[in-house]
Amino acid sequence: MVAITLPDGKVRSYPGPVTGLDVATDIGPGLAKAALAVRVDGEMRDLKAGLDRDCALAIVTAKDADALELLRHDAAHVMAEAVKELYPETQVTIGPSIENGFYYDFARPTPFTPEDLERIEARMHEIVARDEPIACEAWDRDAAVAFFESLGEKYKAEIIGSIPAGQTITLYRQGAFIDLCRGPHLPSTGRLGKAFKLMKLAGAYWRGDARNEMLQRIYGTAWFDKKDLDAYLTMLEEAEKRDHRRLGREMTLFHQQEEAAGSVFWHPKGWTLYRAVEGYMRRRLEANAYVEVKTPQLVDFSLWEASGHADKFAESMFTITTQDDRHLAVKPMNCPCHVQIFRQGIKSYRDLPLRMAEFGSCHRYEPSGALHGIMRVRAFTQDDAHIFCTEDQITAETVAFCQLLKEVYSDFGFTDVRVKFSDRPAKRAGSDESWDKAEAALSSAAAAAGLETTLNPGEGAFYGPKLEFVLRDAIGRDWQCGTLQVDIVLPERLDAAYTAEDGSRRRPVMLHRAILGSFERFLGILIEHHAGRFPMWLAPVQVVVATIVSDADAFATEVAATLRARGLRVETDLRNEKINYKVREHSVAKVPILLVVGKREAEQGSVAMRRLGSPDQEVLALDAVVDKLCAEAMPPA
RNA sequence: GCCGGUUUAGCUCAGCUGGUAGAGCACCUGAUUUGUAAUCAGGGGGUCACGGGUUCGAAUCCUGUAACCGGCACCA
């Protein structure tokens with residue numbers, strides 16, 4: 001007897017082994033038709049997997065959140081089958097489901113072309129129409145290795161070969177295609193449906209290692225129905241519309257050019273935005289008892305040797321040899337310089353914690369392929385600070401930092417923030433004991449700050465563990481911005497010390513921390529998050545005063561002057577154009593407030609206010625408008 | 001850095017198999033004084049990314065370089 005407990009608590013008993021499909025059929029033909037897989041005691045299995053003992057069973061249908069993963073995994077297999085049919089000389093490697101879709105990596109001497117993608121996609125539809133059953137087979141490892149070697153699939157054979165000997169593995173067969181796979185899979189290729197699309201071609205290293213050969217990766221997206229697919233494609237279009245590179249040009253915020261690859265030319269409007277962010281951050285730092293410093297751009301290479309950067313990061317540093325043969329580096333980070341300030345004079349425990357901030361301009365020679373708009377550049381400015389403190393102060397400083405960070409993100413319109421805890425990497429400085437201590441201190445501090453963290457194993461900095469703060473933007477994309485890193489190595493290397501209460505000489509701990517990360521990147525994120533429609537306090541131009549007739553010019557000028565005198569960023573539009581034209585232009589330019597002034601308003605001393613995105617207008621007396629707008633344009637905090 | 005792609009007017013793009021460049025928008029000028037998302041008419045503007053080569057002739061074919069785009073790797 002096999003007793004199957006269903007999610008509603010009902011128990012069904014069967015005389016012998018059954019499959020999930022049997023149970024679903026038993027419950028009803030509708031469910032049997034919708035069934036894609038089963039969850040047995042919480043674990044996802046094939047619909048046709050045998051159930052030979054008592055268990056809890058749930059039938060998985062398209063409504064289940066993780067059913068999409070199954071679908072996408074199947075899509076990867078169907079794509080691989082299509083590729084093997086069309087290009088038999090191609091070797092298959094791996095093809096997992098990923099967020100929004102799937103990919104498969106292929107090995108072949110000649111790369112795929114965009115035309116190949118169309119052929120492959122068409123063939124995938126044929127395979128779906130064939131509705132080939134997908135069957136799971138158990139194989140002996142060595143037999144599987146031999147089998148794939150005989151097929152000339154050396155990558156597959158290598159993967160299976162790295163599975164411990166003697167273990168039974170599963171292969172999935174659909175039509176003539178057979179692949180190593182842990183499963184589970186849908187019952188047949190027909191279940192994939194039609195809502196999929198191949199998206200792009202890319203190179204990818206075998207086993208993710210740049211020293212290995214490069215494979216051809218094909219990315220696709222897959223959904224249960226066309227509506228979801230279309231929604232996803234629309235979302236991609238939306239993302240493209242708010243691309244910071246496009247908006248940067250359209251809104252004349254900045255530009256980039258070949259002669260300064262990886263740098264930003266900030267135009268007046270972009271720089272206004274930048275300064276609004278910088279001014280806000282400066283006020284927040286002052287309110288949180290930081291001191292601000294400014295350190296040199298060019299520093300003798302010996303300091304980087306002492307700090308340890310020369311060993312590990314020399315390739316990323318811009319270096320200069322002067323006419324008199326001095327070897328300098330443009331600073332890639334600020335910490336060694338901050339330690340130099342700390343080291344001036346004698347520090348006492350009474351000076352700690354010392355929170356030293358700098359809007360530090362740094363240069364790193366990023367690999368050419370890494371550059372991306374203003375998000376990944378070679379010249380950038382960090383909202384950097386180093387907190388010199390005692391071990392006992394780590395917790396309080398971490399708690400205070402997390403609080404500040406949360407407020408800042410919220411002020412910029414980000415409320416969904418996740419936290420990752422990155423522990424010791426393989427390549428690191430410092431003893432295991434000191435790492436034990438630093439990791440313990442940071443994780444208990446994170447707990448004290450009330451953070452829920454997910455572990456990011458081995459991703460810590462070489463000098464210490466870190467917390468990484470990831471914020472989610474308006475269209476659901478994640479951006480890692482803030483960081484807090486415990487550093488027990490640098491104070492030692494650069495000989496930073498303070499005099500303790502008992503007169504002994506001690507090493508401070510350094511907390512490296514940033515909230516925005518880099519201004520350039522954060523501004524890129526801000527642009528995309530707001531789609532260029534900034535809140536008042538950030539908008540480069542907050543108000544445009546536009547006239548309907550030239551008789552209103554004098555009054556419009558007066559309105560603008562009044563607002564400007566109160567600190568608002570105002571422009572006038574006195575051109576000889578129709579008001580429709582002006583409304584459209586300033587709307588397209590994403591100016592939050594348009595004040596329209598015609599003959600009536602000029603006579604009455606009023607303005608007609610129109611907000612971006614709303615066709616409504618409100619006629620207000622000048623005084624009232626000034627107060628209202630000043631209040632709205634006030635930066636937070 | 002690696003794989004693939006792209007580079008034509010300020011922007012978006014067209015230019016078939018080689019015969020010395022086009023459109024829309026933007027810009028400039030003129031007319032229009034206009035009531036809430038594009039008024040009309042005229043005009044100017046391009047060493048076709050850069051360097052080599054093939055050819056009587058190259059935006060177009062070959063080749064090298066750079067930047068950019070999409071991934072991969074990297075991200076102290």
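Within every chain, numbering begins at 1; the chains are lettered A, B, ... in the order of the sequence lines, protein sequences first and strands thereafter. Only this structure's heavy atoms are used, side chains among them; waters, hydrogens and symmetry mates stay out.
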Self-check item: Members of residues 329-341 of chain A that approach RNA chain B, where some heavy atom sits under 4.0 Å away
Solution: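 Those residues are A:P332, A:M333.
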Practice problem: Please list, by residue number, the residues of residues 94-106 of chain A whose heavy atoms come closer than 4.0 Å to an atom of RNA chain B; answer none if no residue qualifies. | Solution: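 Those residues whose heavy atoms fall under 4.0 Å from RNA chain B, taken from residues 94-106 of chain A, amount to none.
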Quiz item: Quick one: is A:N580 getting a side-chain N or O under 4.0 Å of the B:A37 phosphate, OP1 or OP2?
Solution: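 For B:A37, OP1 or OP2 has a side-chain N or O of A:N580 closer than 4.0 Å.
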Quiz prompt | Side-chain N,O (A:R207) to OP1/OP2 (B:C72) below 4.0 Å | solution =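 Negative; the distance criterion is not met.
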Base, sugar-phosphate or nothing for [X]? Non-hydrogen atoms, less than 4.0 Å.
X: A:G308; answer: nothing
X: A:I548; answer: base
X: A:S316; answer: base
X: A:G464; answer: nothing
X: A:H512; answer: nothing
X: A:A546; answer: nothing
X: A:R610; answer: base

Practice problem: Answer with yes or no after comparing the ring centroid distance for A:Y365 and A:F318 against a 6.0 Å cut-off, counting only values under it. | Solution: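 Distance test on ring centres: under 6.0 Å, yes.
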Quiz item: Between A:F254 and A:H267, does the ring centre distance come in under 6.0 Å?
Solution: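 They do not qualify: ring centres at least 6.0 Å apart.
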For [N], which nucleotide in any strand shown is its Watson-Crick or wobble partner with both distances under 3.5 Å?
N: B:C2; result: B:G71
N: B:A14; result: none
N: B:U20; result: none

Quiz item: Which of these, A:W271, A:W266, A:F359, A:F380, sits in a ring pair (Phe, Tyr, Trp, His ring centres under 6.0 Å) with A:F519?
Solution: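 With A:F519 as partner, A:W271, A:W266, A:F359, A:F380 yield a single ring pair (Phe, Tyr, Trp, His ring centres under 6.0 Å), made by A:F359.
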Find every protein N or O atom lying less than 3.5 Å from an N or O atom of nucleotides 6-9 of chain B, and list the pairs.
none

Quiz prompt | Residue pairs passing the ring-ring contact (aromatic ring centres under 6.0 Å, His included) test where at least one lies in residues 232-251 of chain A, sequence neighbours excluded | solution =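 Residue pairs passing ring-ring contact (aromatic ring centres under 6.0 Å, His included), neighbours aside: A:W223-A:Y232, A:H244-A:H372.
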Dump every N/O contact between nucleotides 1-4 of chain B and the protein below 3.5 Å, one line per pair.
unit_1, atom_1, unit_2, atom_2, d
B:G1, OP2, A:S368, OG, 2.6
B:G1, N7, A:G369, N, 3.1
B:G1, N2, A:Y205, OH, 2.4
B:C2, O4', A:Y205, OH, 3.4
B:C3, O2, A:G203, N, 3.4

Scan the side chains in residues 303-311 of chain A for donor-acceptor partners under 3.5 Å anywhere in the protein, sequence neighbours excluded, and list what turns up.
unit_1, atom_1, unit_2, atom_2, d
A:S307, OG, A:L303, O, 3.4
A:S307, OG, A:W304, O, 3.1
A:S307, OG, A:H309, N, 3.3
A:S307, OG, A:H309, ND1, 2.5

Quiz item: Closer to the 5' end of RNA chain B via nearest nucleotide, is it A:K200 or A:V619?
Solution: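 Mapping each residue to its closest nucleotide by heavy atoms, the 5'-most match is A:V619.
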Quiz item: Mapping A:S614 and A:V549 to their closest nucleotides on RNA chain B, which lands nearer the 5' end?
Solution: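 So the residue in question is A:V549.
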Got a list of protein N/O to nucleotides 10-12 of chain B N/O distances below 3.5 Å?
unit_1, atom_1, unit_2, atom_2, d
B:U12, OP1, A:R249, NH2, 3.2

Quiz item: By ring pair (Phe, Tyr, Trp, His ring centres under 6.0 Å), which residues pair with A:F106, not counting sequence neighbours?
Solution: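 By the ring pair (Phe, Tyr, Trp, His ring centres under 6.0 Å) rule, A:F106 matches A:Y104, A:F112.
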Quiz item: What residues form a ring pair (Phe, Tyr, Trp, His ring centres under 6.0 Å) with A:F102, not counting sequence neighbours?
Solution: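 Partners of A:F102 by the ring pair (Phe, Tyr, Trp, His ring centres under 6.0 Å) criterion come out as none, since no residue qualifies.
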Can you give me every donor-acceptor pair (side chain of residues 587-606 of chain A, partner residue at least two apart or in another chain, under 3.5 Å) with its distance?
unit_1, atom_1, unit_2, atom_2, d
A:S587, OG, A:V583, O, 2.6
A:E601, OE1, A:G598, N, 2.9

Got a list of protein N/O to nucleotides 43-51 of chain B N/O distances below 3.5 Å?
none

Quiz item: To the nearest Å, how far apart are A:H386 NE2 and B:A76 C1'?
Solution: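 After rounding, the reported distance stands at 11 Å.
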Quiz item: B:A76 base to A:R428 side chain: any donor-acceptor pair below 3.5 Å?
Solution: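 Such a pair does not exist between side chain and base.
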Quiz item: Taking N and O atoms by type only, does the side chain of A:R376 place a donor or acceptor under 3.5 Å from a partner on the base of B:C74?
Solution: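 Side chain to base: pair present.
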Quiz item: Quick one: side chain to side chain donor-acceptor pair (under 3.5 Å) partners of A:H327, sequence neighbours excluded?
Solution: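 Scan of A:H327 (side chain to side chain donor-acceptor pair (under 3.5 Å), adjacent residues dropped) gives none.
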Quiz prompt | Cation-aromatic face contact A:R108/A:Y87, 6.0 Å, 45 degrees | solution =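 Relative to the ring axis of A:Y87, which defines the angle, A:R108 lies inside both limits.
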Quiz item: Is the A:H530 ring parallel, tilted or perpendicular to the A:F414 ring (thresholds 30°, 60°)?
Solution: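 Geometry flag for A:F414 against A:H530: tilted rings.
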